[in-house]
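Worksheet: the structure to be examined is printed underneath.
Keep in mind that this is a model prediction, so the values were computed, not measured.
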Amino acid sequence: NVAEEAEKLLIANPRLSEEALLNGLRNPDYLSLILEDPLLSVGKQIGLVGELLFLEKLIDRADATSISRTKAFSAWKNGSRDFSNNGVVVEVKTSGGKTRKHPISEITQLELRGTETELYVLSASAAPDSSGSNRLPDHVQNLLTKLTSSQQTTLLNRLRTWWRGGGGYDHGTRGSYVGEQPLSIIFQPALFAITPPSTPRVQPLVRASLAHGPGHAEDIQYKLNLEPLNPLPPADFDAVLDKLLA
C-alpha cells in the first residue's frame, strides 16, 4: 500500500520533492505502516518471559498464603527496578543460552539505592529454540489462563507499557509473532542474593570495584556468571516472595 501510494503521487507529479512525497504519505498516515514495528526485539522478548515467570511465582505464592494477587502486580514495577517492595529488590536476568551467564547493561543494577536493604537476582531462561513450541504470546497466554477477567485486563494493560513505560507487548497483535522463534525454558528460575550475600557469595562488579571510579571508564560491559554458585533454597526463596507481597 505504501509503495503503490508513493507511485501514484510520483506519476501525478514526477518533480515532487522528497518532503512533499513524505507529506503526501502522511494523509492518510501510510508511513505508520512501515515505521511502527509491532514486535519486540528478540532480546526484549527474552527479558519479558523472565519477568512473567517471576510474576507467576509471586501469584502462586500469594495464593498459597491467602494474600491478594494485587500485591503481586504492585511489586512488578516496569521501571528502573523489575520487582521491589519494602526495601527488597529483585532484578530479573533472563538467559537466551543454556547457562546462568547474564549480561548486565548498567553497573548500578546490582547496587542498593536509597532505602533499599536487600537485592536479589532472579536467573531465568528463555532460549530461542527452533524446535520449541512456545513463542512470547504463548508464554503470556499461559499466565492469562490462571487469572480472573479483571486480572487479565491488568496484565494486558501493564504489558502494553512494559518497556520503560513506553512501547511494550500488545496481545492483540500476537499473530505478528508467528514468524518469531519459540523461546524455551532450558533451566528453572532461581534466586541469588547480592545483598545480603549468598553462600558462596555472589561478587558482582560494582562502582566500588573500580579503583579510580567509573568516571575513568568510557564503556563498561560485563557478564554476571552465576553458574558456580548455589541459588537460595526453596524456603529462602519463599521468604523473599513473602517480603515482596507484604
Side-chain angles (χ1 to χ4, degrees), residues 40-55 57-58 74-128 158-159 161-169 183 185-232 236-237 239-241 243-244:
L40 287 173
S41 67
V42 174
K44 290 179 181 177
Q45 291 180 48
I46 291 171
L48 180 52
V49 170
E51 292 190 28
L52 291 174
L53 291 173
F54 188 67
L55 177 61
K57 286 190 172 295
L58 271 175
S74 296
W76 188 27
K77 297 306 182 185
N78 290 50
S80 60
R81 290 303 200 189
D82 295 331
F83 293 83
S84 70
N85 188 36
N86 294 322
V88 177
V89 175
V90 174
E91 289 287 350
V92 177
K93 298 301 174 187
T94 313
S95 173
K98 298 180 179 180
T99 62
R100 297 187 189 277
K101 296 180 179 180
H102 304 286
I104 307 296
S105 59
E106 297 178 13
I107 201 168
T108 58
Q109 287 184 331
L110 301 184
E111 295 180 309
L112 291 175
R113 306 171 187 171
T115 59
E116 297 171 354
T117 56
E118 298 180 30
L119 174 59
Y120 301 86
V121 168
L122 188 283
S123 173
S125 165
R158 295 287 296 277
L159 289 175
T161 57
W162 168 73
W163 184 249
R164 300 295 186 268
Y169 168 78
L183 301 173
I185 299 173
I186 306 298
F187 51 80
Q188 291 302 308
L191 203 59
F192 296 81
I194 305 298
T195 304
S198 289
T199 303
R201 183 168 184 170
V202 178
Q203 295 182 316
L205 174 66
V206 296
R207 285 177 296 183
S209 305
L210 303 174
H212 300 291
H216 294 268
E218 292 184 0
D219 188 22
I220 300 173
Q221 295 181 342
Y222 61 102
K223 185 177 292 185
L224 182 63
N225 181 11
L226 299 172
E227 282 288 301
L229 304 173
N230 299 319
L232 294 185
D236 291 344
F237 195 136
V240 174
L241 296 177
K243 292 174 183 177
L244 288 172

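Side chains of F187 and K98 form no contact here, defined as non-hydrogen atoms less than 4.5 Å apart. Within the 4.5 Å cutoff, side-chain heavy atoms of L48 are placed close to those of L159. For the pair P200 and N230, the minimum side-chain heavy-atom distance is below 4.5 Å.
In this structure, A193 and V202 approach most closely via the heavy-atom pair O-CG2, 3.6 Å. Summarising the geometry of A75 relative to L58, their closest heavy-atom pair is CB-CD1, 4.2 Å, with the distance given to 0.1 Å. In this structure, L205 and Y222 approach most closely via the heavy-atom pair O-OH, 3.4 Å. Among all heavy-atom pairs drawn from G96 and P128, the shortest one is O-CD, 3.4 Å. Between L119 and Q109, the shortest heavy-atom contact is CD2-O, 3.9 Å. V88 and L244 get closest at one heavy-atom pair: O-CD2, 3.6 Å.
Seen from the ring of Y169, K44 does not count as a face-on cation partner, given the 6.0 Å and 45° thresholds.
Y120 and F192 have their aromatic ring centers separated by at least 6.0 angstrom.
The closest donor-acceptor contact from the side chain of R100 to the backbone of S123 lies under 3.5 Å. Checked by atom type and distance alone, the side chain of N225 pairs as donor or acceptor with a backbone atom of E227 at under 3.5 Å. Using modelled atom types, no side-chain atom of S84 and backbone atom of V89 make a donor-acceptor pair closer than 3.5 Å.
We find the CD-CD1 distance between E118 and I194 to be 12.5 Å, quoted to the nearest 0.5 Å. In this structure, the separation between CG on L191 and CG on L241 is 7.5 Å, given to the nearest 0.5 Å. Note that CG of L226 and CG of L122 are 10.5 Å apart. Values are rounded to the nearest 0.5 Å. Between atom CH2 of residue W76 and atom CG of residue L52 there is a gap of 5.5 Å, rounded to the nearest 0.5 Å. Between the CG atom of N78 and the CD atom of E51 there is a distance of 7.0 Å, given to the nearest 0.5 Å. Interatomic distance, S125 OG to L53 CG, rounded to the nearest 0.5 Å: 8.5 Å.
Scored by the salt bridge (Lys or Arg N to Asp or Glu O under 4.0 Å) test, R81 finds E91, E116 as partners (sequence neighbours excluded). Every residue two or more places apart in sequence or in another chain was checked for a salt bridge (Lys or Arg N to Asp or Glu O under 4.0 Å) with K93, and none qualifies. In this structure R113 satisfies the side chain to side chain donor-acceptor pair (under 3.5 Å) test with no other residue, sequence neighbours excluded.
Atom CD of Q188 is surrounded by 12 or fewer heavy atoms from other residues, nucleotides or ligands within 6.0 Å. No more than 12 heavy atoms of other residues, nucleotides or ligands lie within 6.0 Å of NZ in K223, so this atom counts as exposed by the packing criterion.
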Test log, rule side chain to side chain contact (heavy atoms under 4.5 Å, CB included), inputs D82 and K77
CA-CA 5 Å; D82 295 331; K77 297 306 182 185; over 6 Å; no
